[in-house]
Every structure is written in structure tokens, then in C-alpha cells.
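One structure is given below, encoded as C-alpha cells.
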4 protein chains.
Amino acid sequence: MLEQKGYHETSMDEIAARVGIAKGTIYIHFPSKDALVIALLERNMQKFLAGIDAVIEQHSTSRARLEALLRYIMTDLLQKQMHLFSSISHSLDLKYQEPEGEARLGGLWQRITERVVALIEEGQATGEFKRALSTQAMLYAFFSLFATRHLKKHIVNDEHTSQRLVDQLIEIYFTGIAVESRS
Amino acid sequence: MLEQKGYHETSMDEIAARVGIAKGTIYIHFPSKDALVIALLERNMQKFLAGIDAVIEQHSTSRARLEALLRYIMTDLLQKQMHLFSSISHSLDLKYQEPEGEARLGGLWQRITERVVALIEEGQATGEFKRALSTQAMLYAFFSLFATRHLKKHIVNDEHTSQRLVDQLIEIYFTGIAVESRS
Amino acid sequence: MLEQKGYHETSMDEIAARVGIAKGTIYIHFPSKDALVIALLERNMQKFLAGIDAVIEQHSTSRARLEALLRYIMTDLLQKQMHLFSSISHSLDLKYQEPEGEARLGGLWQRITERVVALIEEGQATGEFKRALSTQAMLYAFFSLFATRHLKKHIVNDEHTSQRLVDQLIEIYFTGIAVESRS
Amino acid sequence: MLEQKGYHETSMDEIAARVGIAKGTIYIHFPSKDALVIALLERNMQKFLAGIDAVIEQHSTSRARLEALLRYIMTDLLQKQMHLFSSISHSLDLKYQEPEGEARLGGLWQRITERVVALIEEGQATGEFKRALSTQAMLYAFFSLFATRHLKKHIVNDEHTSQRLVDQLIEIYFTGIAVESRS
DNA sequence: CATGAATGAGAGTTCATTCAT
DNA sequence: CATGAATGAACTCTCATTCAT
């Protein structure tokens with residue numbers, strides 16, 4: 001609900017109705033709407049972080065790991081019902097009134113990017129990725145691919161087409177960053 | 001104002017004050033807040049479209065044109081005070097209550113993407129861009145680069161660093177899509 | 001309404017309904033309920049202060065002035081529909097969330113007590129009031145007489161009885177503080 | 001808690017926490033918050049009544065008794081942490097939703113005033129107090145002295161100053177009502 | 001046409017009260 | 001009896017929209 005409709009479009013009444021409890025009950029568990037959203041995001045980010053680690057350790061090379069990670073996130077996004085990464089990504093814009101919670105969120109996001117940074121630098125060290133490119137650029141290009149904004153217009157119900165899109169994005173990205181271009 | 005603070009964070013009072021007219025006067029020209037925002041976006045999109053065309057015709061090859069376009073949009077985004085593309089991009093998420101206006105916006109967005117699609121297909125026709133990649137993928141990868149969400153965290157006041165980021169993103173993208181990589 | 005039912009017992013809906021305007025309209029003129037109450041009190045205190053001065057200047061001796069002042073306040077209180085002093089007195093307990101407004105209120109209350117203090121010290125100087133009594137005690141005894149809490153139970157509709165009560169309170173007070181006892 | 005912070009500022013949660021039982025348990029013993037407050041006041045009033053009687057029987061003359069009573073109440077008030085009389089006095093303003101309980105409270109308050117009325121009339125009978133003054137006036141003047149509202153602004157931590165204030169108030173009051181002034 | 005005070009539906013939040021455990 | 005999570009009515013406050021001037 002919150003993940004799909006957004007912060008302002010989702011009222012506490014709606015949330016309560018959707019969860020099947022009374023509005024006041026929410027305030028037993030969360031002191032404010034912001035706190036609720038932050039807690040939700042925190043949970044999602046933690047799940048996402050765990051997912052990242054699980055995905056990474058299933059592969060050995062930096063390239064394979066980064067590619068698997070890209071597929072993992074894309075799969076999540078293409079499931080149409082926005083999920084982990086989507087909710088996180090959507091929330092990075094907002095300014096919450098709870099500095100402490102925001103700090104926790106920022107810390108988690110940092111840990112997420114650290115994983116990717118590690119993969120990139122590892123790949124550069126092993127000679128898999130270009131050393132001429134800054135980590136910053138490769139990181140930015142990586143996460144840019146998951147801009148749900150534009151994805152929405154490209155989502156197709158056809159499983160095959162979606163898969164093909166992901167494959168080609170992977171090709172574009174890795175041709176761009178990898179040392180040996182495939183063409 | 002609307003472009004920077006967002007739809008919900010900008011009240012009609014603020015808009016009126018900023019424009020220098022009375023709040024009631026706005027409703028003479030626009031039937032609702034949504035209509036106002038849509039009209040604003042429409043104007044921005046039209047300007048942006050004109051900007052695209054101006055940029056494109058300054059170059060001859062598809063590659064040069066697409067690269068110039070990328071730089072044009074990036075410059076807009078990096079100016080920090082969100083401008084044309086930024087306001088458009090930000091608004092694509094929202095669901096307005098005015099179907100007719102939304103349709104006009106959709107039409108304009110389509111005309112924008114058509115420009116890029118034309119460049120891509122032209123480049124494929126001339127052999128500049130890979131024919132194996134679908135237009136969809138190259139289009140998606142192109143607009144993904146402008147995810148302001150993630151850009152925010154990478155914006156730096158240092159002009160030189162920003163420029164370097166753009167250069168490297170261009171390298172990644174075009175190495176990925178172009179037939180002959182330049183490195 | 002607010003004066004009679006008290007802060008917590010009077011909702012903004014009630015106030016709006018009583019004044020004959022919409023709830024939202026109140027917030028055009030006052031930023032919060034506290035601000036509204038403080039403004040109301042401020043106005044009452046200013047009126048009261050003006051009333052005090054008007055009463056005082058109608059008499060010449062300290063004794064006559066203080067007595068007239070006592071009658072003035074009592075008359076206000078006995079009118080049953082709580083008025084100036086009553087609303088002020090009732091509000092001295094509350095803790096508002098607007099420090100600035102509270103400071104203004106405190107300043108006004110100080111100016112009110114200053115008038116009485118001046119009368120008392122003047123009377124001591126002229127030999128009308130006992131010099132052995134501290135100003136503080138005479139001041140406190142004076143304002144204590146207007147404790148609406150207890151007054152409520154003694155208010156009678158009979159004009160004559162009310163007047164007699166006031167007369168006797170005056171006698172008790174002034175016999176207590178004046179140099180020459182009457183008895 | 002209730003005595004100090006007031007009815008509206010004290011929630012059932014706070015009361016439960018303070019008493020050390022669960023919130024729901026309160027409702028086994030008291031049907032409502034009003035009933036709880038009324039019961040608390042009733043207990044306080046009964047204690048106060050017992051205190052009055054204890055104080056009175058320690059002295060013989062009406063004058064001594066009334067003076068001792070005045071000191072007794074004042075001491076309670078000056079202890080800053082509001083106690084018996086204070087809680088009672090504070091509650092007389094409120095309008096409870098339990099007519100029966102309010103009646104019991106009213107009855108107890110009447111019994112309290114009856115003690116004072118008895119002292120006053122006894123003193124008039126023995127010639128200690130002026131017969132010209134109505135019992136009502138002397139009663140009202142007596143309880144007026146305990147207006148906590150104004151007392152707050154005069155409370156000082158200095159034990160000596162507080163005592164001096166009480167002494168002078170006693171002098172003012174008794175000079176006002178007694179037949180022979182003592183100076 | 002322009003104005004801005006007035007509107008009122010709806011938002012987030014609180015808290016006395018209830019009831020399954 | 002005791003519990004405390006759940007309830008929902010009522011509160012304060014916001015803001016897009018209207019309309020008499």
C-alpha cells in the first residue's frame with residue numbers, strides 16, 4: 001500500500017483498514033506515521049541487504065556477482081508489485097521528521113552501497129573491470145538502472161520480453177565497465 | 001518551487017505568493033491544483049522538446065547527437081535547482097485526477113522518447129549502434145541515467161568532479177551500445 | 001464559552017459554532033488554540049487594566065481607590081457570566097505551549113498587580129494602611145478575595161444579598177489592613 | 001500525580017503506571033476516570049475532615065481553633081506538592097459526568113464548611129467574633145485565603161518568609177472579624 | 001477579472017474504555 | 001481478578017477550493 005501509492009497518497013486510515021486493525025492501534029506500535037514508514041523501510045532494507053549477501057556468495061567472480069545482483073534487483077522490480085528495492089528507492093526522496101530514524105536508514109543504505117562498491121573495486125583489482133573508470137561512476141550507473149520511474153513504462157507482462165530486457169541491460173552495463181568487451 | 005519541493009510540499013498559497021498573484025486568481029486560469037501542475041509540466045515538456053531539437057540539429061552523427069543530448073539533460077540535472085527534465089521526471093510518479101491532462105502529458109512524453117528512439121534507430125541503421133540490442137533496452141538505459149533520486153547523493157559542488165562523472169557515464173553507456181568502443 | 005467551560009472542555013468546533021464561523025476560519029486569525037486563548041486573555045487583561053485605571057482615577061484617597069477597585073472586580077464576578085477578571089484568574093493555572101504569548105500575559109498580569117501594589121504602598125505612605133504589614137500579604141489577601149472557585153457557591157441571584165456580601169468582605173479586608181479599625 | 005498535573009493532563013496510563021497496576025485493572029475497581037477521581041477526592045476530603053477535627057480539638061477558644069485550622073490548611077498548601085485541600089480545591093471547578101459521585105463530594109464539602117460555620121457562630125456567640133458580620137461573609141473570606149491560584153505566585157522556598165506571610169494573613173483576617181483587634 | 005477571507009472535508013494523533021486471554 | 005493490546009470517537013490542525021466584494 002504505502003510502497004505503491006506513496007507516502008502522501010496513503011492515509012493512516014487506509015493503512016489501518018488494509019492491515020485490518022483500528023487506526024489507533026497503529027500508534028501503539030509506532031509513535032507517528034513517519035516512524036511507521038521508516039520502520040517499514042528499515043525492514044525492507046535489511047531484507048534487501050540479506051538478499052544481496054545471499055546472492056553474492058553464490059558466485060565467485062566479481063563480474064558474476066555483480067551480474068547476479070543486478071538480476072536479483074531487476075527481478076524484484078519486474079514483479080510489478082513493487083517490493084524491496086522499489087520501496088527503498090522511492091523513499092530516498094522524502095524528508096522525515098525523525099532524524100534518528102533517518103540516520104538509521106542512511107546507515108543501511110550506505111551498507112548496501114558498500115557491497116556494490118566492494119564488488120566494483122574487487123573487480124578492478126582482479127582486472128575484470130576497467131580501472132580507468134571511477135568507482136563513483138560505476139556505482140551510479142549501476143543503481144541508475146533501477147529507476148522505477150522509467151521502468152514502469154517498460155514493464156511488460158510477457159515474461160520472455162522482460163527477461164530479454166534485463167539481459168540487454170546487463171550487456172550494455174558490463175560492456176561499458178568490463179575490460180573485455182563482448183559486442 | 002513546485003519543481004523543487006514537490007507536489008504535496010507546495011501549497012497553493014506558496015504558489016500564489018511566488019507568482020505574485022492572489023490565490024483566488026489562480027483558479028480563474030486553472031480549474032484545480034492538478035490542472036495547474038499539469039499545465040506547468042506541459043510547458044516544461046514543450047520547452048524540453050524544443051531544447052532537444054535544438055541540441056540534436058547542432059550535430060550530425062547519431063552518436064554525437066545522442067551524446068550531446070545526454071550532456072544537455074545532465075547539465076540540467078546537475079544545476080541543482082531542478083529544471084526542465086527534473087520536474088518532468090519527478091512528476092511521472094504522481095497520479096493526477098485529470099485524465100485529459102494526463103493524456104496530454106503522456107503524449108508529450110511519448111514525443112520526447114520518440115526523438116531518442118529515432119536517434120537510436122538511426123544509429124543502428126548507420127551502423128553506429130549495435131543492432132543486436134533492442135531499441136527498448138537502449139532507450140531504457142538512456143533515461144535510467146537520469147535518475148535524480150540517486151544523482152542527489154552524487155552531486156558535488158565541484159564543477160570538475162561533476163563533469164568527470166558525466167564523462168564516465170557517457171563512456172559506460174556508449175561503450176555498451178556503440179559498435180566500436182572508443183575507450 | 002471558553003471563559004466558562006474552560007480550556008479542555010471547549011473544543012475548536014464549539015468555538016467556531018458559537019462564533020458562527022467555520023473551524024478552519026479560526027486558524028486564519030490564530031495559529032493555534034493556545035494562541036487563540038492567549039489572545040482572548042490578553043484582550044480581557046487589557047480591558048481589565050483600562051477598567052482599573054478608570055476606577056482608580058474616580059477617587060482620591062488610597063483607601064477609596066482600593067475599595068472601589070475591589071467593588072469593581074466583585075461586580076464583574078457576581079454577574080455570574082464570568083467576565084474579565086474571572087477569565088484571567090482561571091487561566092493563570094494553565095501552561096501554554098507558546099512561550100512568547102505566555103510572557104505577554106505575564107507582563108500584563110504584572111502591570112495589574114503593580115496598580116494594586118502602588119495603591120497599597122501609597123496608602124501606607126499616607127498612613128491609611130498599616131505599615132507593619134508587608135505589601136505582599138496585603139496584595140495576596142486582596143486578590144484572594146476573588147477566588148471564583150469559592151465564589152460560585154456563594155453567588156446568589158438576590159442583588160441585595162450579593163451587595164451585602166461585598167460590603168462585609170470590604171469591611172473585613174479594610175479592618176484588617178487599615179490603621180483605624182471601625183468595628 | 002492527578003493532584004499536581006490536573007485532570008486533563010493526567011492520563012489513565014500514567015495513573016496505572018504510578019499505582020503500579022495495569023490500566024485495565026483500574027476499571028475493575030472504578031467504572032470510569034471520573035469515578036476514580038471522585039473516589040480519590042472523597043478519600044482526600046475525608047482525611048481532610050478528620051484533620052480538621054483533630055486540629056480543632058487541640059484548642060479551646062473559637063479564635064484559637066479557627067486560627068489553627070487556617071494554619072493547618074496553609075501548611076498543606078505551602079508544601080508545594082499539592083495535598084489534601086489543594087486537590088479538593090482544584091477539583092471544585094470541574095464538571096463530572098457522575099451526578100451521584102458529585103453529590104457525595106458536595107455533601108463532604110458541606111460537612112467541611114459546616115465545621116467552619118460552627119466555629120464562626122460559636123465565636124460570635126461567645127463574643128469573640130463580630131456579630132454584625134454575616135456567617136456567609138466570614139466563611140467566604142476564610143476559604144478565599146486558600147486560593148492556590150494566587151498562592152503559587154507567592155510561594156517562596158524560604159521557610160521563614162512563608163511563615164511570615166501566613167502570620168500576616170492571619171492578622172488581616174482576624175483583625176477583620178474579631179471584636180477586639182490585637183494589632 | 002482580481003481578491004483573500006471563509007469554508008469544510010480530511011489528515012494525523014490521543015486516550016478513556018473494553019475484552020479476550 | 002489481572003492484564004494490556006485493541007478500539008474508535010473526538011481532538012487539533014491543514015489546505016484545495018469557493019465566492020462576495
(message) Can you work out whether B/Tyr7 or D/Gly24 has the more 5'-proximal nearest nucleotide on DNA chain F?
(response) D/Gly24
(request) Let me know, please, whether B/Ser32 or C/Asp34 comes out on the 5' side of the other along DNA chain F by nearest nucleotide. (result) C/Asp34
Go ahead and name the base partner of [N]; Watson-Crick or wobble counts if both distances stay under 3.5 Å, otherwise write none.
N      : result
F/dT7  : E/dA16
E/dC1  : none
F/dT14 : E/dA9

Closest approach of [X] and [Y], non-hydrogen atoms and distance?
X       : Y       : value
A/Val37 : A/Tyr96 : CG1-OH, 3.6 Å
C/Lys33 : C/Ser11 : NZ-CA, 4.4 Å
B/Ala22 : B/Ala16 : C-CB, 4.0 Å

Could you state the atom-to-atom distance from [atom1] of [X] to [atom2] of [N] in whole Å?
X       : N      : atom1 : atom2 : answer
A/Met12 : F/dC13 : CE    : P     : 19 Å
C/Ile26 : E/dG8  : CD1   : C1'   : 13 Å
A/His29 : F/dA5  : NE2   : P     : 8 Å
A/Gln97 : E/dT13 : CD    : C1'   : 15 Å
B/Glu14 : F/dA16 : CD    : C1'   : 13 Å
C/Glu9  : F/dC11 : CD    : C1'   : 13 Å
B/Leu36 : F/dC15 : CG    : P     : 16 Å

Where the side chain of [X] is defined as all heavy atoms beyond and including C-beta, which of [options] is the nearest nucleotide?
X       : options               : value
A/Ala22 : E/dA11, F/dT7, E/dT17 : F/dT7
C/Lys23 : F/dT7, E/dG10, E/dT18 : E/dG10
A/Thr25 : F/dA2, F/dT7, F/dT17  : F/dT7
C/Asp13 : E/dT7, E/dA16, F/dT12 : F/dT12

Check every strand shown and say whether [X] touches a base, only sugar-phosphate, or nothing at a heavy-atom separation below 4.0 Å.
X       : value
D/Lys33 : sugar-phosphate
C/Ile28 : base
D/His8  : nothing

(message) I'd like to check D/His29 versus D/Thr25 (side-chain heavy atoms, cut-off strictly below 4.5 Å). Are they in contact?
(response)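 Sidechains of D/Thr25 and D/His29: in contact.
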(request) Tell me which of D/Pro31 and B/Gly20 sits closer to the 5' end of DNA chain E, going by the nucleotide each one is nearest to. (result) B/Gly20
(message) Parallel, tilted or perpendicular, judged at 30° and 60°: which one describes the rings of D/Trp109 and D/Phe143?
(response)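 Because their plane-to-plane angle lies in the 30° to 60° range, the rings of D/Trp109 and D/Phe143 count as tilted.
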(request) Count the heavy atoms belonging to other residues, nucleotides or ligands that lie under 6.0 Å from CD of C/Gln97, then report whether that count exceeds 12. (result) no
(message) Check this one for me: any side-chain N or O of A/Tyr27 less than 4.0 Å away from OP1 or OP2 of E/dT13?
(response)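 Yes, such a contact exists.
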